[in-house]
Trainee: 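Sharing a structure below in structure tokens format, with a few things to ask.
As the structure lists them, so they are numbered: ligands from 1, and atoms in each ligand from 1.
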Amino acid sequence: MKVDGTHYRSLWWDESKGSLQIIDQRWLPHDFRIESVETIEAFATAIVEMRVRGAPLIGATAAYGMALAMANDPSDESMDKAWSYLNATRPTAINLRWALDRCRATLRAIAEADRKDAALKLAHEISEEDVGICRAIGENGLALIRQIAAKKPAGEPVRILTHCNAGWIATVDWGTATAPMYRAHDEGIPLHVWVDETRPRCQGALTSWELGSHGIAHTYITDNAGGHLMQHGQVDMVITGTDRTTRRGDVCNKIGTYLKALAAHDNGVPFYVALPSPTIDWTVEDGVAEIPIEERDPRETTHIQGKLDNGSIASVQVTPDGTEGANHAFDVTPNRLVTGLITERGVCAATTEGLAGLFPEMAQAA
Ligand code: MRU
């Protein structure tokens, strides 16, 4: 997508430098900084510190990390070491393990001498596939937005609430939850997006930055405002992303998603989740019981980062000295609260049958 008129992806390979380029998201939306990732430690740091973030982007980044490991040492031992090291960076988003597993399975079958080139090619493939998947999610979600728009008086916007950032910078391009919004806007359907702030890290500010750059009308709201807006008929649909969805359609996503789903259910507001197939964990049934929830540094709750009036970016303390914080990064929305899953192959019910119907070969292989 475009930043100040230039088209960017959230990561890209620089042939001349022989390294991966990322947008360091810690500084967005205030500062657009590009960083070169050149060591396996730097790959891990980029994921842990959320310089790159969002389930699909973490997966694509890890694939390039494997490529670097193979360039340094193409042995099985080096591959296994890189797999374990990178897999330990963040526990919840399944795309990380999906990408690492895919790299390892493919590269194992290739002679050591050929692994360097094959690993880089595979990382490029995973990135390109992600772009295609997100574009297709955009098309399938667009159909849902069109249906809502068709029932409204001409010119009235479709009002969508979203949580966290499941935008183009959380994927390689397009985003998952945002892809239908971009497509609808480009088609001339009037939209208004309610953007949840998403404390503690305020990924909503990233979503505002994305939507604003694309000219989509939006309003940044506190995390607790969604229920109120739904009660007052101000939300036509909710679309969020996901970090891991179980085979029966339980959805793990950024903390607070569950509360939005409850409020949507109580108010009869359709609650959709944009779901790329690499985010399905076919080995897990019950999301609440089985998905590991990342707990991050409590300092992210007791402090908040922003731009000061003098333009510098700073972190400020919001709680009394010594206050204990707890920072559960994700929660699970049971499938009964999910109206539908918007995938690259179509929209399905959040059920075992729904997912297996769209992805029979994956369901069978699991
Ligand atoms: O902790 P983050 O910022 O990586 O969490 C991101 C989310 O929860 C997104 O909704 C999810 O990864 C989907 S991104 C297309």
Side-chain angles (χ1 to χ4, degrees), residues 1 9-11 22-26 28-29 46-62 89-99 127 130-131 133-138 141 161-182 195-207 209-210 223 238-245 251-261 271-281 287 291-297 300-301 305 327-333 338 341-344:
M1 302 299 274
R9 283 185 170 178
S10 57
L11 52 64
I22 60 166
I23 298 163
D24 185 344
Q25 299 190 23
R26 291 174 306 166
L28 290 175
I47 298 172
V48 168
E49 291 185 350
M50 294 173 65
R51 299 174 191 212
V52 288
R53 44 150 297 282
L57 183 59
I58 294 171
T61 305
T89 49
R90 292 193 75 186
T92 301
I94 195 63
N95 306 58
L96 175 64
R97 199 183 75 204
W98 170 86
S127 298
D130 183 65
V131 177
I133 286 173
C134 289
R135 199 182 290 121
I137 286 174
L161 184 141
T162 193
H163 191 70
C164 194
N165 170 263
W168 71 265
I169 51 166
T171 62
V172 177
D173 206 350
W174 286 100
T176 58
T178 55
M181 302 176 200
Y182 291 132
V195 179
D196 282 351
E197 177 178 40
T198 321
R199 273 286 279 151
R201 289 186 69 104
C202 300
Q203 285 94 333
L206 305 179
T207 303
W209 174 73
E210 280 196 26
D223 286 322
V238 178
I239 312 180
T240 75
T242 170
D243 290 81
R244 191 186 301 214
T245 289
V251 170
C252 183
N253 191 49
K254 181 54 56 193
I255 192 81
T257 303
Y258 172 46
L259 290 177
K260 295 302 162 320
F271 184 93
Y272 287 98
V273 175
L275 171 64
S277 59
T279 312
I280 305 168
D281 187 343
I291 296 178
I293 299 295
E294 177 177 6
E295 289 186 40
R296 296 185 60 82
D297 187 345
E300 291 180 354
T301 65
Q305 179 177 292
N327 191 5
H328 304 90
F330 300 95
D331 61 25
V332 174
T333 299
V338 179
L341 301 170
I342 309 169
T343 80
E344 69 268 28

Trainee: Under a 3.5 Å cutoff, is there a donor and acceptor pairing between the side chains of Gln25 and Arg53?
Mentor: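 Looking only at side-chain atoms, Arg53 and Gln25 do form a donor-acceptor pair, the distance falling under 3.5 Å.
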Trainee: Locate the shortest heavy-atom distance separating His163 from Ile255; write the atom from each residue and the value.
Mentor: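 Heavy atoms of His163 and Ile255 come nearest at NE2-O, 2.8 Å.
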Trainee: Should Leu11 and Leu57 be marked as a side chain to side chain contact (heavy atoms under 4.5 Å, CB included) after you check the CA-CA gap, both sets of side-chain angles, and the distance that decides it?
Mentor: CA-CA 8 Å; Leu11 52 64; Leu57 183 59; 3.5 Å; yes
Trainee: For Glu295 and Asn327, does a side-chain donor sit closer than 3.5 Å to a side-chain acceptor?
Mentor: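 The criterion, which ignores hydrogens and geometry beyond distance, is not satisfied for Asn327 and Glu295.
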Trainee: Among all protein heavy atoms, pick the one closest to atom 13 (C) of ligand 1 and tell me residue, atom and distance.
Mentor: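 Nearest neighbour among protein heavy atoms for atom 13 (C) of ligand 1, to 0.1 Å: Thr242 O, 3.4 Å.
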Trainee: Which of the numbered atoms in ligand 1 are under 4.0 angstrom from any heavy atom belonging to Gln203?
Mentor: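 Here the atoms of ligand 1 in question are 1 (O), 2 (P), 3 (O).
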Trainee: For ligand 1, which is the ligand I care about here, please tell me if Gly54 has any N or O atom under 3.5 Å from one of the ligand's N or O atoms.
Mentor: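 Yes, since at least one N or O of Gly54 sits under 3.5 Å from an N or O of ligand 1.
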Trainee: For atom 9 (C) of ligand 1, find the nearest protein heavy atom and state the residue, atom name and distance (0.1 Å precision).
Mentor: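 Protein heavy atom at minimum distance: Asn253 OD1, 3.5 Å.
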Trainee: Counting each atom of ligand 1 from 1 as listed, which ones have a heavy atom of Ala55 under 4.0 Å away?
Mentor: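 Checking each atom against Ala55, I get 12 (O), 14 (S).
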Trainee: Does Cys164 reach ligand 1 with a nitrogen or oxygen that is under 3.5 Å from one of the ligand's nitrogen or oxygen atoms?
Mentor: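 Not met; the criterion fails.
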Trainee: In plain terms, say whether Arg244 and Asp281 are close enough for a salt bridge, that is, a side-chain N and a carboxylate O under 4.0 Å apart.
Mentor: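 A salt bridge is present here (some side-chain N lies under 4.0 Å from a carboxylate O).
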Trainee: If you compare all heavy atoms of Gly141 against all heavy atoms of Ile342, which two are closest, and at what distance to 0.1 Å?
Mentor: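 The answer is N-CG2, 3.6 Å.
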Trainee: Report yes or no: does a heavy atom of Arg90 sit under 4.0 Å from some atom of ligand 1?
Mentor: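 Yes, Arg90 has a heavy atom closer than 4.0 Å to ligand 1.
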Trainee: Using a strict 4.0 Å cut-off to heavy atoms of Met50, name the atoms of ligand 1 that fall inside it.
Mentor: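 Checking each atom against Met50, I get 1 (O), 2 (P), 3 (O).
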Trainee: If we count only N and O atoms by modelled type, under 3.5 Å, do the side chains of Thr207 and Asn165 hold a donor and an acceptor together?
Mentor: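 The answer is yes; a qualifying pair exists.
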Trainee: Between Ile169 and Leu28, does a side chain to side chain contact (heavy atoms under 4.5 Å, CB included) hold up when you go through it step by step?
Mentor: CA-CA 10 Å; Ile169 51 166; Leu28 290 175; 3.8 Å; yes
Trainee: What residue and heavy atom of the protein are closest to atom 15 (C) of ligand 1, and at what distance?
Mentor: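 Answer for atom 15 (C) of ligand 1: Thr176 OG1, 3.1 Å.
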Trainee: Output yes when the distance from some N or O of ligand 1 to some N or O of Asp243 is under 3.5 Å, and no in every other case.
Mentor: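 Min N/O separation from ligand 1 is below 3.5 Å for Asp243.
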Trainee: What's the shortest distance from atom 3 (O) of ligand 1 to any protein heavy atom, and which residue and atom give it?
Mentor: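 Among all protein heavy atoms, the one nearest atom 3 (O) of ligand 1 is Arg53 NE, 2.5 Å.
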Trainee: What are the two closest non-hydrogen atoms of Leu96 and Ala62, and how far apart are they?
Mentor: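 Shortest heavy-atom contact: CD1-CB, 3.5 Å.
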Trainee: From atom 5 (O) of ligand 1, work out which of Arg201, Glu294, Lys254 has a heavy atom at the shortest distance.
Mentor: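 Looking at heavy atoms only, Lys254 sits closest to atom 5 (O) of ligand 1.
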Trainee: Do any N/O atoms on Thr171 end up under 3.5 angstrom from N/O atoms on ligand 1?
Mentor: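 No, there is no polar N/O contact under 3.5 Å.
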Trainee: May I ask whether Thr257 has any heavy atom positioned less than 4.0 angstrom from an atom of ligand 1?
Mentor: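 It does not, in that no heavy atom of Thr257 comes within the 4.0 Å cut-off of ligand 1.
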Trainee: Is there a heavy atom in Pro56 that sits closer than 4.0 Å to ligand 1?
Mentor: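 Right, Pro56 reaches ligand 1.
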Trainee: Between the side chains of Arg51 and Glu49, is the shortest nitrogen-to-carboxylate-oxygen separation below 4.0 Å, so that they form an ion pair?
Mentor: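 Answer for the salt bridge query: yes.
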